[in-house]
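Atoms within a ligand are numbered from 1 in the order they appear, just like the ligands themselves.
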Amino acid sequence: METKIKSSRETLQRVSSISTMKEISQSLRKQNLTIGFVPTMGCLHAGHLNLVKRSLETCDRTVVSIFVNPTQFGPNEDLDTYPRQLESDIEKLETLGIDILFHPTQEEMYPAGYKTYVQVQDITEHLCGKSRPGFFKGVSTVVLKLFNIVQPHNAYFGEKDWQQLAVIEALVEDLNLGVAIIRVPLVRETDGLAMSSRNRYLSPQERQTALSLSRSLQQARDSIRQGITSAKVISKSIRQCLSEKEGTEIDYISICDPKNFTKKEEIRGRTLIALAVKVGPSRLIDNCIIEEF
Ligand code: AMP
């Protein structure tokens, strides 16, 4: 049997054309090499790099995409100001030793006359889907396109975007895409703040205020551990914690089923607590899972 040998990690290959990316993937597949894929919007932090490391550990070749996907941004959202720092992202990826960076232009992905979108139903009606109409349609469409282009065996996604993961799992299952979706745990800063490219927008004061998200989740965990099971009571204490400092605007606090996102009255069985809060210019999300107890 042919042994799979990793290439010596010279420089990473930068690809912006869809047809070149497809040719590379087809050739890797012909050589029986497994392709791990990490889709991102760039401005990479340790949360992203953790996904990349998981892929490098398991797959013969790792492809990372950097593409700020316009179709997942609403008209009043931060598409134009979303942080972009390709050169320093490349340095980080080179240090890790990934094989290929796919960074197409908007025109390459959505040429004039583009007209096809995919939409996952039901689970997208809750949480972020409710407050960001069109967001998951954009995410599902770009992920399907990227899967068709990169043709990965495995694709790695972070549990920070818990609902997004569920949407992608549904997309893969319903459309028989044959890609293994690997869940990777949420990565936090040492003080608890969930890592996010949007943390860069925060002033030092807003950064302090943003800590209330992870703090409120930690307090909720403690209360639940002490026996409080009423979702209403927990939700109220989260709201209180989030409102303590000025400058927060709560989008949602959801205590729900982690698979279908329906609201729970009582915290019994596996439960997701998910938050979306605007702090200054940034809309931040965070979540925790309460395991069955
Ligand atoms: P983004 O660039 O924000 O679209 O994210 C690309 C991927 O990185 C998604 O799968 C995210 O869930 C994941 N990701 C972003 N932040 C984190 C984090 N703090 N911990 C784990 N995964 C993350």
Trace of the side-chain hydrogen bond (donor to acceptor under 3.5 Å, both in side chains) decision for Ser27 with Gln31:
CA-CA 6 Å; Ser27 149; Gln31 296 170 66; 3.2 Å; yes
Can you report which non-hydrogen protein atom sits closest to atom 16 (N) of ligand 1, along with the distance?
His45 CE1, 3.2 Å
Look only at interatomic distance and state if Gly158 has a nitrogen or oxygen under 3.5 Å from any nitrogen or oxygen of ligand 1.
yes
Might you point out which heavy atoms bring Arg283 and Ala276 nearest each other, and give the distance in Å?
NH2-CB, 3.6 Å
Glu169 with Arg183: basic N within carboxylate O range, under 4.0 Å:
yes
Would Phe157 count as a polar contact of ligand 1, with the cut-off being nitrogen or oxygen pairs under 3.5 Å?
no
If you have a sec, work out which protein heavy atom is nearest atom 6 (C) of ligand 1 and how many Å separate them, to one decimal?
Pro39 O, 3.4 Å
Atom indices of ligand 1, in the order listed, that fall short of 4.0 Å to a heavy atom of Asp161
11 (C), 12 (O)
Side chains of Ile66 and Leu101 in contact at under 4.5 Å (non-hydrogen atoms):
yes
Within the structure provided, determine whether Ile253 and Arg239 are in side-chain contact (heavy-atom separation under 4.5 Å).
yes
Would you indicate whether the side-chain heavy atoms of Leu93 and Leu44 approach each other to under 4.5 Å?
yes
Does a side-chain heavy-atom distance below 4.5 Å link Leu213 with Val279?
yes
Polar-atom distance check: Val187 versus ligand 1, any N or O pair below 3.5 Å?
yes
Does any N/O atom on Met195 come nearer than 3.5 Å to any N/O atom on ligand 1?
yes
Can you tell me which residue and heavy atom of the protein come closest to atom 23 (C) of ligand 1, and the distance to 0.1 Å?
Lys160 CB, 4.1 Å
In terms of ring plane angle, is the pair His126 and Phe261 parallel, tilted or perpendicular, where the classes change at 30° and 60°?
tilted
Side chain to side chain, Leu146 and Phe67, heavy atoms closer than 4.5 Å:
no
Ligand 1 to Met41, heavy atom cutoff 4.0 Å, flagged ligand atoms 1 (P), 2 (O), 4 (O)
How close does the nearest protein non-hydrogen atom get to atom 13 (C) of ligand 1, and which residue and atom is it?
Leu51 CD1, 3.7 Å
Under 4.0 Å from one or more heavy atoms of Pro185, ligand 1 contributes atoms 21 (C)
Contact atoms of ligand 1, heavy-atom distance to Leu186 under 4.0 Å:
20 (N), 21 (C)
Identity and separation of the nearest protein heavy atom to atom 5 (O) of ligand 1:
His48 NE2, 3.5 Å
